[in-house]
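What follows is a short report on a single structure.
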Amino acid sequence: MDTRRWIERFAELVAADADRLTRLDAAIGDGDHGTNLNRGLKAATEALEPGLPPGKVLMTAGRALVSKTGGASGPLYGGALRRAGKALGDGADVDAAALGAALHAALDAVQELGKAVEGDKTMVDALAPAVAAYEAAAGDGVAAAAQAALDAAEKGAEGTVPLQARKGRASYLGPRSVGHLDPGAASTVLLFRALAEAAADG
Amino acid sequence: MCGNIGVMSTVGIVLISHSRALAEGAAELASQMGVGEVTVRPAGGDGEGGLGTSIDLVEQAVRDADGGAGVVLIADLGSSVLTARTYLEELEDARAGRPGEPETDIVLADAPFVEGSVAAASAAAGGADVTAVARAAHEAYAFRKT
């Protein structure tokens, strides 16, 4: 699995969908999610020097996201990628099991930092089921597991629509946050779409 | 990077906000409580003139505020809190890489932004240590207005 391809594809997908993410955030947050994440990922891809090993790619991208994103998605996605990169270590190849451990480390990082659990209407509602689905399918190889993770992320994100937000800016809206797709869950779907595409490429 | 030996330094305070104007305004208010005795540094906005939080600004502000007695961070919403937590995590990692060096205490207070900042500055001006300053900021949650 080419982690550079994963991050670059994530950046492309967010750039293409930045307006939609910002619109989703404007409905229940402060309307900057697409703009911020797009800026952070642009900085992340620019920071990726040629020849970095897979773990270092994620750590470098994560550092840039933390530093350049500007919104809550910076520390959350940045922290997640850094922890995932650390979990991969210095190895030159990423197999299905190593990627599973890295994804689990990413989920832990997001939950430790943001203190969100499933059902709070956050990115965790897409991330947690995606990681679980990946781990369940890891024996079938990276491509199949990543596809299972994407399917679970999409389902989890859709599941945020009827929820009332208990974390983040949307929680200030109380019951008025019901009926909207969570923007962080929506961008997490893009993270897993990028992963599935990078994994399918080999 | 510590203060002069023999000179009592007070705990520094860093105010992290999504808004640069809000951080600067709160710093102005809080500085009134400890004129000339307490260093209060704002770290607001994304560093490029927009709303948001910048970990680089936080890092710089902590460096400016630390006179050797440590620093208390007070954050407002969402990304400010997450950025402060991330900064502290990174600091811990960096310090783990240079054991044996003297380090000051740097903590994030669980506190309301404006009232907590004023209470923290007031406590710091009175010579309180990092733990007591953070506690004073936290106790500002109890200020009732009706």
Side-chain angles (χ1 to χ4, degrees), chain A residues 22 25-26 28-40 42-43 59 62-83 85-86 105 108-116 120-124 165-173 182-184, chain B residues 14-24 42-64 73-97 106-114 138 141:
Chain A
T22 290
D25 193 28
I28 54 169
D30 52 0
D32 61 8
H33 187 50
T35 321
N36 281 346
L37 196 54
N38 191 25
R39 174 174 52 202
K42 202 159 169 279
M59 288 174 73
R63 181 73 188 89
L65 274 173
V66 167
S67 162
K68 298 294 178 200
T69 302
S73 51
L76 289 167
Y77 279 112
L81 290 181
R82 281 165 56 187
R83 198 77 73 80
K86 260 189 214 172
D108 288 346
V110 167
Q111 291 200 281
E112 278 168 33
L113 185 61
K115 321 258 189 232
D120 282 348
K121 196 181 181 96
T122 71
M123 66 187 292
V124 171
R166 287 195 295 252
K167 280 280 181 301
R169 197 71 70 89
S171 62
Y172 292 88
L173 271 72
D182 177 68
Chain B
V14 168
L15 305 183
I16 308 165
S17 171
H18 223 64
S19 153
R20 180 178 163 177
L22 182 53
E24 288 177 351
D46 64 0
E48 291 165 15
L51 291 168
T53 326
S54 158
I55 198 165
D56 298 334
L57 283 184
V58 172
E59 210 169 356
Q60 183 62 49
V62 169
R63 218 174 295 140
D64 293 347
L73 314 179
I74 300 177
D76 66 350
L77 304 170
S79 74
S80 307
V81 179
L82 298 187
T83 300
R85 286 186 197 151
T86 301
Y87 165 74
L88 290 176
E89 232 174 79
E90 284 188 6
L91 186 71
E92 209 175 294
D93 286 353
R95 285 177 170 186
I106 298 169
V107 304
L108 171 65
D110 176 16
F113 191 65
V114 176
H138 179 74
Y141 273 128

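Each chain gets a letter, A, B and so on, in the order its sequence line appears, and its residues count up from 1. Quick note: numbers below take in every heavy atom, side chains included, and nothing from hydrogens, waters or symmetry partners.
Evaluation of the ring-ring contact (aromatic ring centres under 6.0 Å, His included) rule for B:Tyr141 yields B:His138 as partners, not counting sequence neighbours. Under the salt bridge (charged side-chain N to carboxylate O under 4.0 Å, His left out) criterion, B:Glu89 pairs with no residue, sequence neighbours left out.
Of residues 43-50 of chain B, those residues lying under 4.5 Å from chain A by any heavy-atom pair are B:Asp46, B:Glu48. Scanning residues 75-83 of chain A against chain B with a 4.5 Å non-hydrogen threshold yields A:Pro75, A:Leu76, A:Arg82, A:Arg83, sorted by number.
Note on B:Thr83, B:Leu77, B:Val81: by heavy-atom pairs under 4.5 Å with chain A, the leading option is B:Leu77.
For a residue to count as touching a neighbouring chain, one of its non-hydrogen atoms must lie under 4.5 Å from one of that chain's; by this rule A:Asp32 touches chain B with the side chain only. There is no contact between A:Lys167 and chain B, counting heavy-atom distances below 4.5 Å.
B:Leu82 has its side chain out of reach of A:Lys115: every pair of non-hydrogen atoms, C-beta onward, lies at least 4.5 Å apart.
The two residues A:Gly71 and B:Ser79 make their nearest non-hydrogen contact at C-CB, 3.3 Å.
Environment of CZ in A:Arg169: crowded, with over 12 heavy atoms of neighbouring residues, nucleotides or ligands closer than 6.0 Å.
Going from atom CG of A:Leu65 over to atom CD1 of B:Ile55 covers 12.0 Å, rounded to the nearest 0.5 Å.
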